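See below for the structure under consideration.
Lettering of chains follows the sequences in order, A, B, ..., and the numbering in each one begins at 1. As the structure is a computational prediction, the values presented were derived from the model and not from experiment.
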Protein chains: 4
Amino acid sequence: MATRHQLLDAAAQLIAEVGWGRVTTRAVAERAGLPHGAVSYHFHGKQELLTEAAMATVEAMFPLDQLRSVTKLTDLIPLFQASISTPPDPETIDPVSSGVLAEAMRECGRNPELRGRITELLRAYRSLVTDLVHAEQGRGVVERGPDATDLATLLIAAGDGLLLHALLDPQLPIAGAAEVLLALVHT
Amino acid sequence: MATRHQLLDAAAQLIAEVGWGRVTTRAVAERAGLPHGAVSYHFHGKQELLTEAAMATVEAMFPLDQLRSVTKLTDLIPLFQASISTPPDPETIDPVSSGVLAEAMRECGRNPELRGRITELLRAYRSLVTDLVHAEQGRGVVERGPDATDLATLLIAAGDGLLLHALLDPQLPIAGAAEVLLALVHT
Amino acid sequence: MATRHQLLDAAAQLIAEVGWGRVTTRAVAERAGLPHGAVSYHFHGKQELLTEAAMATVEAMFPLDQLRSVTKLTDLIPLFQASISTPPDPETIDPVSSGVLAEAMRECGRNPELRGRITELLRAYRSLVTDLVHAEQGRGVVERGPDATDLATLLIAAGDGLLLHALLDPQLPIAGAAEVLLALVHT
Amino acid sequence: MATRHQLLDAAAQLIAEVGWGRVTTRAVAERAGLPHGAVSYHFHGKQELLTEAAMATVEAMFPLDQLRSVTKLTDLIPLFQASISTPPDPETIDPVSSGVLAEAMRECGRNPELRGRITELLRAYRSLVTDLVHAEQGRGVVERGPDATDLATLLIAAGDGLLLHALLDPQLPIAGAAEVLLALVHT
DNA sequence: TATGAATGAGTTTTCATTCAT
DNA sequence: GATGAATGAAAACTCATTCAT
């Protein structure tokens with residue numbers, strides 16, 4: 001249903017713009033160019049609308065299917081970058097997806113449904129990266145000292161942290177920091 | 001003014017608990033055990049109350065004065081840990097301070113006053129850590145390859161990222177990841 | 001929309017009764033026998049509600065359409081009387097319409113929207129009366145000495161002034177004064 | 001007491017500026033450059049403060065003592081003009097005194113104390129003008145046809161009406177209309 | 001299936017008044 | 001005599017949800 005999709009899109013934009021707790025159903029309908037009644041008609045309530053919108057956005061940021069075919073740690077970068085950048089320029093961070101991610105991570109503590117789905121997704125992602133690190137350590141490309149799980153946790157957390165800081169201070173150059181991390185990790 | 005302080009405390013707790021956009025002045029007053037009118041009397045409005053509460057909390061997390069006396073990179077860890085952990089157990093992350101930090105970082109995009117104060121604080125912190133990294137590189141304790149600014153940016157972002165993930169999934173062991181980061185950085 | 005109309009009616013009554021600045025949306029809703037939310041639903045805010053209510057009342061007091069068919073100055077009297085009196089008795093001044101007029105004239109200084117609409121209406125009315133005076137002077141029915149514009153201004157201002165005084169002191173006999181004015185004007 | 005006087009002055013200004021119903025005690029104290037507590041200390045409540053302020057202003061507009069020495073109707077004009085104009089330019093209408101008069105006349109309907117004092121003042125004024133008209137009619141200066149009381153009522157009401165219209169539309173030339181009235185009245 | 005008018009609970013803010021100092 | 005911190009009642013406004021059409 002196109003209507004449903006338009007509402008989810010509008011809701012994701014507004015979560016990023018005004019913050020989860022201040023999104024109103026009226027604003028979502030208006031942004032989507034749809035009548036206000038459409039929200040209640042397609043979703044059980046505001047909570048459901050926002051949860052679905054956030055999950056759709058976050059899932060697009062961690063495309064597990066595509067990640068499964070990655071074999072080199074450095075190949076993660078372009079994939080992740082593509083999912084958080086605005087199409088024409090891969091250097092610009094898309095404020096909607098990164099904003100929704102940050103909002104959703106905070107919202108987890110209050111919304112069990114969302115929490116379950118987000119942590120499940122992140123665990124799958126962490127496990128995938130752990131396997132990747134393990135393989136690269138086996139090949140001698142990545143430092144063998146650190147535990148693969150800890151390293152994967154670090155890589156993901158550092159990525160999110162850089163994202164958050166870039167969102168806060170757009171002038172902050174984070175590309176250098178990301179490269180430093182990869183250089184440190186590789187032998 | 002004890003009243004003002006009680007309101008700031010209650011507001012910080014609620015920002016972490018329910019999220020910036022859903023804190024109500026009524027709830028703040030109730031939590032502080034004060035009449036509702038006290039909020040309007042002591043603050044110009046909700047925005048001011050929340051901004052002051054968030055800044056007081058975040059400033060306590062980055063105690064620049066104490067940081068100036070630090071000379072070794074590893075000495076940062078206990079200081080940071082102390083500022084974000086609940087007093088009895090330094091291993092537990094205080095959900096209030098870390099929650100407020102996460103909320104404030106998101107709120108920056110909509111609140112210029114907050115944005116100015118937070119970015120100023122983080123820039124001072126980043127500059128301080130950069131100097132520390134530089135000194136440690138001179139002493140040969142830290143890898144000389146990476147640019148000191150990028151390394152400092154990475155360290156802070158990784159710290160915040162780990163904090164955020166720990167907040168999201170309390171069972172996630174982040175201590176190991178933090179140690180891995182330091183081990184990679186040191187020669 | 002019957003609801004909207006009921007609110008406008010109730011608002012006009014309350015403007016006259018308690019004064020513009022002390023009308024509350026709650027009281028308007030209650031007077032109209034409607035829920036409180038109806039006010040915000042049908043109007044953008046209190047200001048808009050009161051402005052619309054006042055304009056509807058004042059426009060009914062100066063029925064320009066009907067005035068255009070008037071040819072004799074004395075025919076103005078019954079028309080004006082009809083628009084400000086309570087239906088059964090044409091001698092009694094309706095406290096609502098005259099009260100709203102007085103309140104609206106005062107409010108103009110603080111409400112540019114209202115000011116524009118009221119002054120436009122009064123200018124149209126003044127111009128219409130000026131034409132009428134001019135015609136009557138040509139016919140020799142009205143004193144030819146005074147300037148038609150000044151005379152029209154005087155007639156209207158005197159009418160409003162008598163209205164205001166009658167409102168203040170209901171026992172004051174103003175009918176005699178009104179007749180005196182017309183007698184002086186006519187040759 | 002100078003303090004009391006300063007409060008009355010400030011209150012009169014604010015009545016004219018924001019309207020009777022929207023004057024706040026805080027604003028009065030601030031305008032007077034006095035502490036907020038001074039209001040409660042010098043007056044029994046807001047109602048008393050505003051009533052006293054309005055009466056002091058209105059009484060200054062109708063200086064009965066000076067009026068008693070007037071013998072010619074035309075001598076009323078400069079006296080009235082002086083009491084409602086701003087000192088340097090007798091042509092400009094003082095928005096404070098005329099605004100307070102208009103507000104007070106409307107407020108009478110809700111404030112019995114004020115109503116008593118205002119109607120008493122206006123009746124005294126009307127009686128004085130009636131006597132004046134009677135004398136002038138005896139001297140043959142004023143048209144003998146109309147009843148003196150009705151003529152006095154008309155004169156006062158027309159004056160107030162012109163004042164009100166000038167307040168509403170400052171560009172409206174009312175001097176001509178006033179002269180026309182006097183010309184009509186005189187033989 | 002789809003709409004938008006209607007509702008009322010809940011939010012922020014204002015403010016006269018009280019009262020301890 | 002004088003002050004201003006404190007209070008709570010009441011105001012305007014927002015908004016998710018319901019429901020008749």
Looking at DNA chain E, which of residues 17-37 of chain D put a heavy atom within less than 4.0 Å of it?
D:V23, D:T24, D:T25, D:R26, D:H36
D:R110 meets the salt bridge (charged side-chain N to carboxylate O under 4.0 Å, His left out) criterion, sequence neighbours left out, with C:E103, D:E107
By side chain to side chain donor-acceptor pair (under 3.5 Å) - contacts of A:E17 (at least two apart)
A:R31
Looking at residues at least two apart in the chain, or sitting in another chain, which of them share a side chain to side chain contact (heavy atoms under 4.5 Å, CB included) with D:R115?
C:P170, D:C108, D:T119
Between P of E:dG4 and CZ of C:R4, the distance in whole Å
18 Å
Does B:E113 have any salt bridge (charged side-chain N to carboxylate O under 4.0 Å, His left out) partners at least two apart in sequence or in another chain, and if so, which?
B:R117
Can you check the D:F43 CZ to F:dA2 C1' distance for me, whole Å?
15 Å
Check whether any side-chain nitrogen or oxygen of B:Y41 sits under 4.0 Å from OP1 or OP2 of F:dT7, and answer yes or no.
no
Taking Watson-Crick and G-U wobble pairs with both distances under 3.5 Å, convert DNA chain F into its dot-bracket string, 5' to 3', dots for unpaired and | for cross-strand pairs.
.||||||||||||||||||||
Side chain of B:S40 (C-beta onward), nearest among E:dT13, F:dC13, F:dT7:
E:dT13
Expressed in angstrom and rounded to an integer, what is the separation of B:K46 atom NZ from F:dT14 atom C1'?
12 Å
Phosphate OP1/OP2 of F:dA6: any B:H42 side-chain N/O under 4.0 Å:
yes
Please list, chain by chain and in numerical order, all residues satisfying side chain to side chain contact (heavy atoms under 4.5 Å, CB included) with B:L164, sequence neighbours excluded.
A:M105, A:L164, B:A102
Separation of F:dA2 P from D:Q6 CD (nearest whole Å)
12 Å
I'd like to check the salt bridge (charged side-chain N to carboxylate O under 4.0 Å, His left out) partners of B:D9; sequence neighbours left out, ordered by chain and number.
none
Whole-Å distance between F:dA12 P and C:E48 CD?
15 Å
Contact check, side chains of C:T3 and C:L34, non-hydrogen atoms, under 4.5 Å:
yes
Counting distance only, does the side-chain N/O of C:K46 pair as donor-acceptor with the main-chain N or O of C:V23 below 3.5 Å?
yes
Which sits closer to the 5' end of DNA chain E, C:A38 or B:V39, going by the nucleotide each is nearest to?
C:A38
From CG of B:L7 across to P of E:dT12 the rounded distance in Å is 13 Å
In whole Å, I'd like the distance from the CG atom of D:L14 to the P atom of E:dC15.
12 Å
Within this structure, what is the CD-to-C1' distance between B:Q47 and E:dT13, rounded to whole angstrom?
14 Å
Partner set under side chain to side chain contact (heavy atoms under 4.5 Å, CB included) for A:A27, not counting sequence neighbours
A:L14, A:T24
